[in-house]
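Counting starts at 1 for both ligands and their atoms, in listed order. If you're wondering where the values come from, they're calculated on a predicted model, not measured in any experiment.
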Amino acid sequence: MAEVTLDLRGMPKAEAYAELKRHAEAVLEGLSDEIAAMATMSCLLHHAFGHLWTGFYRVVQPGKLLLVGPYQGTLGCLEIAFGRGVCGTAAATRETMVVPDVHAFPGHITCDGRSQSEIVVPVFNPRRELIAVLDIDSEHKATFDEEDRRALEELMGWFSRQR
Ligand code: SME
């Protein structure tokens, strides 16, 4: 049943992400609202993998400022300037950032002291404009790898396929 939130921990990553993508697309069928999609994806990703923080920072001033968007987890910082921290760096470079140890990342912004590693994926609209970044924080070191990068970039492709 598409409406049930799945816990995919313990499943091989490839299968878990494939299941999550199917699930997200089924839930979002017929919908093109970006914020509803961000809320839905935050919820599905957060409950599927149980990471510390899962959510979006939206571009509110292109090239300048990100503002917290839909998320799940502990209280997130509200504003992040482009170029600051992991999220701001991903926004400024338009590249996914995989950070195995946040303490080794210069300028990392600490919202929750338990965070040890993270992945931040840029989100584009169909015109290739950056509209947000997806940020997932883990309380364990080196949680994310190339497989997460590929799967999450593919999942974020939903936003660039909308009219
Ligand atoms: N870790 C992020 C900040 C956002 S929160 O952790 C929710 C960063 O350095 O960009």
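Taking a cutoff of 4.0 Å between a charged side-chain nitrogen and a carboxylate oxygen, Asp145 and Lys13 qualify as a salt bridge.
Ring centroids of His51 and Phe144 are separated by less than 6.0 Å, placing the two rings close together. Two rings, from Phe82 and Tyr57, have their centers 6.0 Å or more apart.
For the 3.5 Å distance criterion, the side chains of Glu153 and Thr96 qualify, holding a donor opposite an acceptor.
Contact shell of ligand 1 (protein heavy atoms, cutoff 4.0 Å): Trp53, Tyr57, Ile80, Gly85, Val86, Cys87, His108, Ile109, Cys111, Glu118, Asp135, Asp137.
Residues Val60, Leu65 make up the rest of the hydrophobic cluster containing Leu67, defined by ILVMFWY side-chain heavy atoms closer than 4.5 Å, directly or through other members.
Contact detail for Lys141 and Ser117: the closest heavy-atom pair is C-OG, 3.8 Å.
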